[in-house]
Amino acid sequence: MKNKEVADILDEIADYLEMQDVKWKPQAYRKAARNVENLSESVEELYEEEQLQDLDGVGENIAEKIIEYLETGKLEYLQELKQDIPVDIEALTAVEGLGPRKVKEIYEARKVTDLDELEEAAESGEIADIEGFGEKTEENILKHIEIARRGQDRMLLGKAYPIAEELRSGLEKSDNFDRVKFVGSFRRKRPTVGDIDVLATSNNPGEAMEEFAGREDVIEVLGSGQTKSSILISGDLQVDLRIVSETSFGAALQYFTGSKDHNVGLRTLAVEKGLKLNEYGLFDSEENKLAGETENSVYSNLQLDFIEPELRERTGEIEAAAKGKIPDLVEKEDIKGDLQMHTDYSDGKASMREMAEKAESSGLEYILITDHVKALDIADGIDEKALIKQAERIDELNEELEIEILKGIEANITGEGLDISRDKLKELDIVLASLHGRINSPTEKIIKVFRDYPVDIFAHPLNRKINSRKGLDIDLDKIIKVAAEEKVALEINSQPERLDLPWREIKEYREDVKFVVSTDAHSAFELSYMHLGVAQARRGWCSKEEVLNTRPLEGLRSYFE
DNA sequence: GCCGTTTTCGGCCCGACTGTTTTCAGTCG
């Protein structure tokens, strides 16, 4: 899968063209880059099937360049562009406030090509002297160069959540704020967020902005105006606040939630209908406002069903909404049980009782205990003897507690099969299998395990870790075909750094296979991650029917039998 | 460079904010 790689190349071309003040081409390259990046299949596949030009924004020229890069690993055109202005464009534009044009001017005036040279030039006062630059720009460069150097990863959604909630409760308590809503990728529940966007209404915009910029956790105020402010809070997390009027709150909510591509699609549709859509509302050709107070009114006036924020990624949601084909998405309240968690029998921190009581208090009807098998060296696993003891303990707790505790295990897919015997598995209610290390020909091994063992759930299928580990290179088409035949459900793992199966794959396969959403909790607190997994199921267009643990216990059992 | 049931040529999103300017360009989202 070289989608990200190809997208980066196209973005780099756009940067260089922008430096040279070329018109329109940069946008064309960026559009193509976004569409390659957002592909659900691999760009290599499109190339092999000679379908690159079917992609919106990819014409003859860009297709040729993609082909050259895929075939040779290089791109002559980009090399040439680089020769004219040999700078590390990616690193330099990562400095807040520096874009391609300024990078070019700094290069031409001071021969700065990378972050070290930039720092040197700024420290010795050589930047402020460049025409069009000044003291402030130089200061800002010095202030932001360290952040650029750290090459910040986007923050995990699960990590941003508590920060965002605290922020919201603070703003909601204040008299300066009336309505407070999250927008942007946080509202769309993308697995990672670049910043947190907040939309608000206020009777006192000036004071509201002042209060926002004066918060205790503010490290730096990046900008502050009448309607828009940006701050940097602890952990290098940027928070943007926009204050809008009550009458256009819905339109602003729609606009700032994005995604950008979704909005482009909506605006195009508006234009086709002779209307105009912006962050202030939906207008007809005489500038009469047709909608804007609520988000719903914007969609309904475009003759569209309401589109949930999680779906707004331009993967066909606008077309579906026009035909009334948006699925009724699964909700966290639909979830009746949690089918992966670890206890102090293996590497979990809490006892079974603690886990069960916490799950019960959050309204679940059943849980599945899935400690690791001992053979797995990454965790302090459970052996067969302890498994018997655990089963007895589960029986005891089931006598005592309302919630039903099911017996399970997370078995490891090894080179030879599973690291636990078939006989042992038969004594369990539900069996999870997963991959941890790397093995040779994983696709075949996984399929063999599905065929040979009574596996019910394939846990965290790609075994990816966001920002640190790429997913396994496995053939999901083949695996899911067998999973469907053997009634193996695919897990949507709710751990913030996993969120695996990822949403694009969920969307692609949701008609072929069933899913379960589980927390994989290793502590009682982590049981609260369920909403993160549900959000990814929603991003994957899943309805309640496609998620097995929305069923009451009997329904779940009957599926796996 | 891409795209088109109004076009194969002429459009391509645009407003807020900052810093540097005396009216605007660059950046960001």
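Because the structure is predicted, anything quoted here is derived from the model rather than measured. Lettering of chains follows the sequences in order, A, B, ..., and the numbering in each one begins at 1.
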If I pick the [atom1] atom on [M] and the same atom on [N], what distance separates them, to the nearest angstrom?
N	M	atom1	result
B/dC17	B/dC13	P	22 Å
B/dT7	B/dC3	C1'	10 Å
B/dT5	B/dG1	P	23 Å
B/dC2	B/dG15	C1'	25 Å
B/dT18	B/dT23	C1'	15 Å
B/dG26	B/dT20	P	14 Å

Inter-residue atom distance A/L157.CG - A/E497.CD, 0.5 Å rounding: 12.5 Å
Euclidean distance, A/L118 CG relative to A/T113 OG1, rounded to 0.5 Å: 10.0 Å
Distance below 4.0 Å between A/N278 side-chain N/O and B/dC13 OP1 or OP2: no
By side chain to side chain contact (heavy atoms under 4.5 Å, CB included) - contacts of A/S543 (at least two apart): A/E545, A/E546
Partners passing side chain to side chain contact (heavy atoms under 4.5 Å, CB included) against A/N296 (at least two apart in sequence or in another chain): A/T294, A/F306
With the threshold set at under 4.0 Å for non-hydrogen atoms, list the residues of [range] touching DNA chain B in residue-number order.
range	result
residues 51-58 of chain A	A/L55, A/D56, A/G57, A/V58
residues 208-218 of chain A	none
residues 252-267 of chain A	A/K260, A/R267

Given A/K260, A/R188, A/K507, A/K189, the one that forms salt bridge (charged side-chain N to carboxylate O under 4.0 Å, His left out) with A/E313: A/R188
Residue pairs fulfilling salt bridge (Lys or Arg N to Asp or Glu O under 4.0 Å) with at least one residue in residues 63-92 of chain A, sequence neighbours excluded: A/E12-A/K82
Derivation of the side-chain hydrogen bond (donor to acceptor under 3.5 Å, both in side chains) call for A/T192 and A/R154: CA-CA 6 Å; A/T192 61; A/R154 289 168 61 89; 2.9 Å; yes
Row check, A/F249 ring normal vs A/R179 NZ/CZ: under 6.0 Å, within 45°: yes
Let me know the distance between [atom1] of [X] and [atom2] of [N], rounded to the nearest Å.
X	N	atom1	atom2	result
A/K228	B/dA16	NZ	P	9 Å
A/L241	B/dG29	CG	C1'	14 Å
A/D197	B/dG29	CG	P	9 Å
A/I62	B/dC3	CD1	C1'	12 Å
A/I66	B/dG1	CD1	C1'	12 Å
A/K104	B/dG26	NZ	C1'	14 Å
A/R242	B/dA16	CZ	P	9 Å
A/L277	B/dC13	CG	P	14 Å

Backbone N/O of A/I127 and side chain of A/E138: donor-acceptor pair under 3.5 Å: yes
Out of B/dC28, B/dT18, B/dG1, whichever nucleotide has its closest atom nearest the side chain of A/S224: B/dT18
Nearest-nucleotide pick for A/Y280, side chain only, options being B/dA16, B/dG1, B/dG29: B/dA16
Using a heavy-atom cut-off of under 4.0 Å over every strand shown, decide if [X] touches base, sugar-phosphate, or nothing.
X	result
A/P26	nothing
A/E272	nothing
A/K276	nothing

Between A/N35 and A/E37, a side-chain donor and acceptor under 3.5 Å: no
A/D240 and A/S230 side chains, donor-acceptor separation under 3.5 Å: yes
Minimum heavy-atom distance between A/P496 and A/G158, given as atom pair plus value: CB-CA, 4.0 Å
Nearest heavy-atom neighbours spanning A/L39 and A/R504: O-CD, 3.7 Å
Please identify each residue that fulfils ring pair (Phe, Tyr, Trp, His ring centres under 6.0 Å) with [X], with sequence neighbours left out.
X	answer
A/Y29	none
A/F177	none
A/Y280	none

B/dA25: pairing nucleotide in any strand, Watson-Crick or G-U under 3.5 angstrom: B/dT18
Those residues that, when tested against A/E210, pass salt bridge (charged side-chain N to carboxylate O under 4.0 Å, His left out) (two or more places apart): none
Parallel, tilted or perpendicular: rings of A/Y299 and A/H262 (30°, 60°): tilted
Base-contact (B) and sugar-phosphate-only (S) positions in nucleotides 19-25 of chain B, heavy-atom cut-off under 4.0 Å, - elsewhere: SS-----
Identify the pairs formed between an N or O of the protein and an N or O of nucleotides 9-12 of chain B at a distance under 3.5 Å, and give each distance.
{"from": "B/dC12", "atom 1": "N4", "to": "A/W24", "atom 2": "NE1", "distance (Å)": "3.0"}

